[in-house]
Every structure is written in structure tokens, then in C-alpha cells.
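One structure is given here, and the rest of the page talks about it.
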2 protein chains.
Amino acid sequence: MEGQEPQGVAGEQVQRRPRVQKNVTRTIASDICADIFPVGSYLPRENDLCERYGVSRTVIRESLKILESKGMVRGRSRVGTVVCGKDEWNILDAQVLEWIGERIFEFDLLNCILEARRAIEPVAAEFAAERATVQEIADLERAWQAMRDGEGDVAGFTDADVAFHTCLLKASHNQVFLQLVGIIQAALKFSLHASNEAAERRDEAIDVHRELVEALRMRDKAAARDCSIRMLDLAARDLATAVKQHSPAKPVL
Amino acid sequence: MEGQEPQGVAGEQVQRRPRVQKNVTRTIASDICADIFPVGSYLPRENDLCERYGVSRTVIRESLKILESKGMVRGRSRVGTVVCGKDEWNILDAQVLEWIGERIFEFDLLNCILEARRAIEPVAAEFAAERATVQEIADLERAWQAMRDGEGDVAGFTDADVAFHTCLLKASHNQVFLQLVGIIQAALKFSLHASNEAAERRDEAIDVHRELVEALRMRDKAAARDCSIRMLDLAARDLATAVKQHSPAKPVL
DNA sequence: ATTCCATGAAGATCACCAAGCTCACGACCT
DNA sequence: AGGTCGTGAGCTTGGTGATCTTCATGGAAT
């Protein structure tokens with residue numbers, strides 16, 4: 001979506017836009033996630049980081065400040081910067097989730113997210129049933145249509161699913177629930193990614209999503225709650241298959 | 001709690017200027033919360049901010065980077081820095097909540113937090129009932145004792161209550177729930193703050209908290225859930241009185 | 001064992017260059 | 001003549017590098 005080069009003519013891929021900051025931050029974060037800088041260890045001196053990433057100290061410092069503000073590292077004055085434990089990270093932060101990326105499977109996070117979704121989304125659906133505006137219900141309908149139409153395209157289907165759940169949380173008109181859209185996006189992204197082979201499940205999911213929209217339209221809290229729970233049961237199955245695919249070397253017994 | 005100058009003896013308020021960074025960041029954030037820099041407006045140029053806060057441009061830039069990483073502002077290259085809408089802020093971030101401080105009453109957040117707590121804490125209590133270690137239950141017991149003993153001290157009681165709920169979320173062994181400790185802390189801090197006059201309610205709260213510890217000890221999920229719900233009912237009453245006290249000029253009809 | 005100091009890394013400042021977004025001015029086209 | 005479009009100046013952020021200050025630390029000296 002963003003970060004495009006709209007330089008019209010004679011496509012020179014010179015990419016003369018630096019945007020060093022964001023790249024360096026993401027790179028350091030990825031290196032931390034990849035255990036290149038293990039938890040509890042000090043990362044190199046700022047001057048060494050400058051050399052390693054080929055940027056000035058200012059950029060390094062700003063990147064470290066960002067990572068520190070998200071709980072991933074902790075700067076100790078005149079001593080060094082130490083990598084914090086993963087339980088101190090702001091894993092609800094969308095950027096942090098993005099940096100973790102595929103390694104979310106190693107974080108034992110998806111199960112926690114599913115548990116949290118089971119606590120939150122049915123309640124959010126209830127609130128949405130009594131608070132959603134007609135506009136918001138229309139947005140949900142559009143997202144559902146996108147899910148139905150994007151059957152062949154896995155990425156398109158996932159995006160539409162994410163959009164659906166985002167709209168649902170918005171329609172709950174609760175700021176706290178809305179903040180949780182990030183983890184739900186991550187959960188959907190990495191659960192659905194692997195379950196694209198199960199076409200019949202997807203049809204079932206599409207049905208449930210449609211029923212939820214109808215429940216909201218009827219202002220039927222109980223039905224909305226029920227639909228949400230059924231959706232999460234489907235998500236649980238998807239997650240199980242996704243986890244199985246992603247950790248093939250399961251220590252059986 | 002932190003950010004103090006513990007300059008022990010012979011109180012020279014010379015304030016040997018450490019930690020400029022943190023102070024500036026907090027000050028800018030507070031100014032944003034106080035609508036000195038309203039939502040949607042551009043804040044002054046970085047050079048002007050240097051003068052205003054009496055620091056170098058590097059410090060300003062690092063502060064803005066931190067605020068940007070929390071969704072409070074958005075830097076537009078070579079144009080300026082614009083204050084984001086409050087619904088874009090990472091309100092689950094502990095630092096952001098700290099910066100908001102008392103103004104949380106103006107954010108219409110406490111009601112949302114209570115709704116979220118009703119969705120989450122009973123479930124967390126259930127998980128704690130089946131997952132808590134004996135050590136964690138002992139910690140909860142200690143926090144409860146601190147609540148009971150710290151009857152005279154309002155701040156002490158609040159701290160103990162915060163510690164109790166933090167331990168409970170830890171005992172749920174769910175990383176997502178654990179991240180929500182920040183908003184629950186904020187909710188308790190500002191709800192209990194005002195309800196210190198209701199001594200009998202506090203006694204009731206202490207009883208319910210004790211019952212919850214016992215339920216965890218018995219591994220009784222249903223009882224734990226029930227205790228959590230009753231606690232939240234008490235919290236709802238506290239919140240109502242706190243809100244009433246904080247917005248005295250209620251437009252009554 | 002305690003005190004003191006040299007060391008080194010982060011904290012902070014300053015001056016500077018690069019790059020591109022804005023806006024206004026002027027030329028060109030209708 | 002008037003409106004539109006290109007262009008360039010200027011301003012502001014993005015990024016660099018040198019420099020100074022401040023202390024946390026570990027080892028040396030007492």
C-alpha cells in the first residue's frame with residue numbers, strides 16, 4: 001500500500017529515497033527476533049552498529065529509542081543496550097508483530113491470541129449488535145462480499161477476512177477492543193495462510209460470517225455472540241493445521 | 001514511581017540534568033494530551049521545539065520518534081509533524097497511559113476499559129484456576145494481605161490492588177492478557193483514587209479478593225470466574241462515583 | 001577491604017549537507 | 001485577457017559526523 005515509487009517515466013529503480021530509519025529499525029528488530037542478538041545479551045556498541053548497518057549514529061540511536069519504547073531493548077546509561085525478555089515486549093503493538101513476522105510460531109503466541117479472541121470477540125460482537133451504525137454494517141457486508149468473491153486468491157481472502165474482523169471491532173465502539181486489531185490481524189494472517197487447501201472450511205467460514213452480519217442487522221446479541229464463537233471454533237481448527245505444518249519435526253513422545 | 005532525583009544529601013536542586021530525553025518526551029506528550037497541540041494540527045518546527053524546551057534538535061527528534069512509534073504523531077517528510085487522532089494512539093501502551101494521566105477521564109476510556117475487563121478478567125481467572133503455580137497463588141495471597149493491612153493508606157491499598165490483578169493476569173499464563181496489565185493498572189488507579197471514602201465497599205472488595213485466592217487454591221474455575229465478576233461489579237460502582245466526582249459540572253437535562 | 005581514578009560508552013550538542021514538499025511567480029496556451 | 005502549468009526558490013525534515021559531557025565500571029593504589 002505505502003512506500004511506492006510513483007516516479008512516472010523511464011522506470012529507474014535507483015531508489016534514491018533513503019528512508020534509512022525505518023529499514024534500520026526493522027532490520028535490528030528482525031535481528032533481535034532471529035536471536036542474532038539473544039535475549040539478555042548486550043548488543044554491540046552504537047558505533048559498531050553504525051558500521052554494521054552503514055548508517056550514522058543518529059539513525060542508530062533513534063532506532064534504539066523506538067525499540068526501547070516498545071519494550072524490546074533497554075538502554076543502560078553508559079553501559080550498553082540489553083535485549084529484554086520477550087515477555088516484556090509490547091506484543092500488542094502492530095509494528096512489533098510485523099517485525100516478529102513468521103517467527104510468531106516460535107513465540108507460542110498464536111494459542112494465547114486464540115484464547116484472547118475467545119474472550120473478546122464474542123463480547124465485541126454483542127456490543128456491535130447494539131451499537132453498530134448502518135454504515136458499519138454495510139462495511140462488514142462489503143468485507144464479506146470480498147471474502148466470498150476472493151475465493152481463488154488466498155491473499156485476497158485473508159485480507160478480506162482481516163478487514164471483516166477489523167470492522168467488527170470498530171463496530172463494537174470500544175477503544176480497547178479496537179486496539180487489539182493488530183494481534184487479530186497477525187493471527188488471521190498466519191493461521192489462514194496455511195489452511196488454504198481446505199476449501200470446504202472456507203465455505204463454512206463464509207457462511208458464518210454472513211450469519212453474523214445478519215445478526216447485527218437484526219440487533220440480535222445472542223445470535224451475534226453465537227456466530228462469533230463458531231467462527232473462533234473454525235479458527236481453532238485452522239490454527240491447529242497451521243501449527244502442524246509449521247513445526248514438522250514434532251518430538252512425538 | 002520512577003524518574004525521581006534521589007540526590008540524597010544537602011538538597012542541591014542543581015539537577016545535574018540527566019535524563020533530558022525522558023523529560024522532554026513526557027512534556028511533549030503531556031502538552032499533546034492537554035490539547036496545547038490539538039489533534040490534527042502541526043506542531044512547531046523542530047528548531048522551534050528546541051527553543052521551547054531548551055534542548056538540542058537531536059533530543060527533539062528522538063522524542064518525536066518515540067511519540068510516532070506510539071501512534072501519537074505522524075512525521076511527514078519535509079512538511080512537519082502532525083498530531084494523530086486519539087483513536088490512533090496505542091492506548092494499551094503503559095507509557096502512553098502514564099502520559100495521559102488524569103486526563104483519562106476526558107478520553108471516555110475508563111468505561112471501555114471496564115467493558116474490556118468484564119470480557120477478559122473472568123476468563124483470565126478461569127485460566128489461573130487451572131494454570132497458576134503455587135508460587136503465583138502465594139504471591140496473590142501476599143498481595144491480598146497487603147490490601148487488608150493497608151487499610152489506612154489509600155495509595156498503599158491501590159498499589160496492593162494493582163499488584164493483585166497483575167499477579168492474577170500473570171497466573172493466567174497468557175501473554176496477551178499479561179499485556180493488558182497496563183490499562184487495568186490505570187483503571188484501578190483512577191477508579192479507586194476517588195472511592196476511598198467508601199470503607200464498607202473496600203471491606204467487601206477485600207472479601208471477594210480472598211475468595212478468589214481460595215477458589216484458585218481449590219482449582220475451582222467456576223468459583224474463580226464468579227469472584228472475578230463480582231469484583232468487576234464493585235469496580236463498576238467505584239468507577240461511577242469516580243466519574244461523578246471528576247465531572248462535577250454534569251449537564252443535567 | 002576500601003577508596004580513588006582512568007577508561008570507555010552513552011547522553012547531548014552543534015554545524016552541516018541532502019532531499020523533497022510548498023508555494024508563488026511567470027510563461028505559455030486557449 | 002485569463003487561466004493553467006512548469007519551474008525554481010525557500011523552507012523543513014532526514015541524515016551525517018565531529019565534539020564535548022557525564023558517569024558506571026573495573027582495576028589500581030592505599
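All chains are named by letter (A, B, ...) in the order of the sequence lines, taking the proteins before the strands, and each is independently numbered beginning at 1.
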Taking donor-acceptor contacts at under 3.5 Å, does the side chain of B/Arg78 reach the base of D/dG10? no

Base of C/dG11, side chain of A/Arg57 - is there a donor-acceptor contact under 3.5 Å? yes

Examine distances only and state if a side-chain atom of [X] and a backbone atom of [Y] form a donor-acceptor pair shorter than 3.5 Å.
{"X": "B/Asn174", "Y": "A/Cys112", "answer": "yes"}
{"X": "A/Glu88", "Y": "A/Met72", "answer": "no"}
{"X": "B/Gln179", "Y": "A/Trp89", "answer": "yes"}

Once you apply a heavy-atom cut-off of 4.0 Å, does B/Gly80 come out as touching a base, just sugar-phosphate, or nothing? sugar-phosphate

For B/Ser77, which contact category applies under a 4.0 Å heavy-atom criterion: base, sugar-phosphate, or nothing?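 Sugar-phosphate only.
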
Length of the line joining [X]:[atom1] and [N]:[atom2], which is rounded to integer Å:
{"X": "B/Glu68", "N": "D/dT13", "atom1": "CD", "atom2": "P", "result": "12 Å"}
{"X": "B/Arg45", "N": "D/dG14", "atom1": "CZ", "atom2": "C1'", "result": "16 Å"}
{"X": "A/Arg61", "N": "C/dT13", "atom1": "CZ", "atom2": "P", "result": "10 Å"}
{"X": "A/Glu46", "N": "C/dG8", "atom1": "CD", "atom2": "P", "result": "17 Å"}
{"X": "B/Asn47", "N": "D/dT13", "atom1": "CG", "atom2": "C1'", "result": "10 Å"}
{"X": "B/Asp48", "N": "D/dT13", "atom1": "CG", "atom2": "C1'", "result": "13 Å"}
{"X": "B/Leu64", "N": "D/dT12", "atom1": "CG", "atom2": "P", "result": "15 Å"}
{"X": "B/Ile66", "N": "C/dG11", "atom1": "CD1", "atom2": "C1'", "result": "13 Å"}

Starting at the 5' end of DNA chain D, which residue's closest nucleotide do you reach first, A/Val79 or B/Lys65?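 In this pair, the answer is B/Lys65.
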
Between C/dA12, D/dT25, D/dG17, spot the one nearest the side chain of B/Val20, thanks. C/dA12

Short side-chain N/O contact to C/dA9 OP1/OP2 from A/Arg76, under 4.0 Å: no

Salt-bridge present (B/Arg61, A/Glu62; N to O < 4.0 Å):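 Judged by the 4.0 Å cut-off on N to carboxylate O distance, B/Arg61 and A/Glu62 do form a salt bridge.
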
Between the side chains of B/Tyr53 and B/Asp31, does any donor sit under 3.5 Å from an acceptor? yes

